[in-house]
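Remember, predicted model here, so these are calculated numbers, not experimental data. Remember, it's 1-based here, ligands and their atoms both numbered in the order they're listed.
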Amino acid sequence: TSMQDRNRGLISDLDRKVDELARVNMALYESNRLKGDFLSTMSHELRTPLNSIIGFSEVLLNAGNLSDKQHRYAGNIMTSGQQLLALINDVLDLAKAESGKMRFHPETVHAAELCEQLLALHKPAAEKKNVELRLSVPPDLPAVRQDVGKLRQILANLISNAIKFTPEGGRVTLAASVVGGELVLTVEDTGVGIADEEQDSVFDKFRQSANPLTREQGGTGLGLSIVKELTKLLGGDVTLKSELGRGSTFTVRVTTDLKEEPLLAFDLPGE
Ligand code: ADP
């Protein structure tokens, strides 16, 4: 019986711990939701005046009767406004993904078509730097059920990074395949690479590599965090293989059968 007593004691300890965890979980869920609400309201309030700053500096630039100096100043206003807008959009995307409020739109996706579209979109940026874009997709790639908008956002982030961090004359290869019930998308570049000790942290918010070759490129440091959150929500993950000076390969794995309801960032207790 002393053993039974001890077990009962252990069980009630465990019960208390579970209750405590559930309360913490609930509080986390709620604070996460509030953060999401706050950020999305703020982002909206910031975007409205910013759009008019960008719009009117454009009008000024096109007015044609500016001195060189005035033209340069108006150009600076527009570029800074665009940078700020990109940052706000990234913050909003991330907040949405993290708050568990993101809605999905599963549909039939032909990954080959999607990849072609994305390469076409990035062709001008690649040509400017003389970076070759390649596509590697098997001819019999089956259609999958996924959210095409989210996949586009993930790939656009990875491809624009790959071009950004690949010097003149390099190559960026986009590949798609379906392996073991998952859609596998890889973006491989022959660029500057990422040091071993930084390979985990580049997915952190606002984190940029200490490598001076990448520091000089502008950016918000949010792109890869968004990629990571989105792939998680799409039922998968993103991994990185890279070698300094040789290049990087980002591999995204997502389910081929996405369901309508998003997964909550934190499961509500009792569900
Ligand atoms: P951003 O590109 O806006 O700085 P990201 O979150 O997309 O932010 O990337 C974070 C950092 O990871 C980059 O600043 C860069 O240092 C590194 N990085 C990302 N992609 C690559 C790549 N393809 N090759 C080398 N470094 C990369």
Side-chain angles (χ1 to χ4, degrees), residues 39 43 50 79-98 102 115 118-119 121-136 150-176 184-234 236-254:
L39 282 173
S43 297
L50 203 45
T79 314
S80 301
Q82 282 166 340
Q83 278 167 0
L84 195 50
L85 187 61
L87 175 63
I88 290 168
N89 285 336
D90 278 357
V91 168
L92 181 59
D93 281 342
L94 197 57
K96 249 198 224 151
E98 285 182 338
M102 198 166 254
C115 291
L118 275 150
L119 288 190
L121 200 69
H122 289 88
K123 209 169 156 200
E127 276 175 351
K128 230 191 248 172
K129 296 183 70 181
N130 189 27
V131 166
E132 183 196 349
L133 293 182
R134 271 198 207 167
L135 180 62
S136 165
K150 307 277 187 306
L151 289 182
R152 200 175 281 132
Q153 202 176 352
I154 289 169
L155 286 176
N157 266 307
L158 294 178
I159 297 169
S160 65
N161 274 349
I163 296 172
K164 196 159 85 171
F165 298 115
T166 297
E168 292 260 336
R171 191 175 58 237
V172 171
T173 309
L174 175 60
V184 183
L185 301 162
T186 64
V187 178
E188 183 186 350
D189 67 56
T190 60
V192 297
I194 301 170
D196 281 349
E197 64 272 18
E198 290 185 321
Q199 289 183 11
D200 288 331
S201 62
V202 288
F203 292 99
D204 293 346
K205 278 174 251 187
F206 298 109
R207 188 61 77 94
Q208 294 179 311
S209 160
N211 184 345
L213 285 173
T214 74
R215 284 250 72 141
E216 66 203 29
Q217 310 283 341
T220 61
L222 286 174
L224 288 179
S225 317
I226 294 172
V227 167
K228 190 173 172 182
E229 283 302 318
L230 286 179
T231 48
K232 224 162 52 183
L233 293 171
L234 293 182
D237 64 3
V238 55
T239 54
L240 164 63
K241 265 209 173 126
S242 184
E243 204 181 318
L244 262 189
R246 298 196 71 97
S248 313
T249 305
F250 287 87
T251 303
V252 168
R253 287 191 181 75
V254 293

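- For F203, the closest heavy-atom approach to ligand 1 does not fall below 4.0 Å.
- An N or O contact shorter than 3.5 Å links G223 to ligand 1 by distance.
- Residue contacts with ligand 1: G221 is included, with a non-hydrogen atom under 4.0 Å away.
- For the salt bridge (charged side-chain N to carboxylate O under 4.0 Å, His left out) condition, the pairs that include at least one residue of residues 150-159, sequence neighbours left out, are D147-K150.
- Ligand 1 has I194 within reach: a non-hydrogen atom of the residue lies less than 4.0 Å from it.
- Here the side chain of Q199 pairs a donor or acceptor atom with the backbone of I194 at under 3.5 angstrom.
- Taking every non-hydrogen atom of L222 and a distance limit under 4.0 Å, the qualifying atoms of ligand 1 come out as 6 (O), 8 (O).
- With S248 contributing its side chain and D189 its backbone, the two residues share no donor-acceptor pair below 3.5 Å.
- For the pair D189 and ligand 1, the shortest N or O to N or O distance falls below 3.5 Å.
- Heavy-atom separations between K164 and ligand 1 include at least one value shorter than 4.0 Å.
- Distance check, rounded to the nearest 0.5 Å: CZ of F250 to CG of L158 gives 6.5 Å.
- Under the side-chain contact (heavy atoms from CB on, under 4.5 Å) rule, L151 has a single partner from V254, V252, L230, T231, which is V254.
- Residues passing the salt bridge (charged side-chain N to carboxylate O under 4.0 Å, His left out) test with E243, sequence neighbours excluded: none.
- Listed by atom number, the atoms of ligand 1 under 4.0 Å from F250 heavy atoms are 20 (N), 23 (N).
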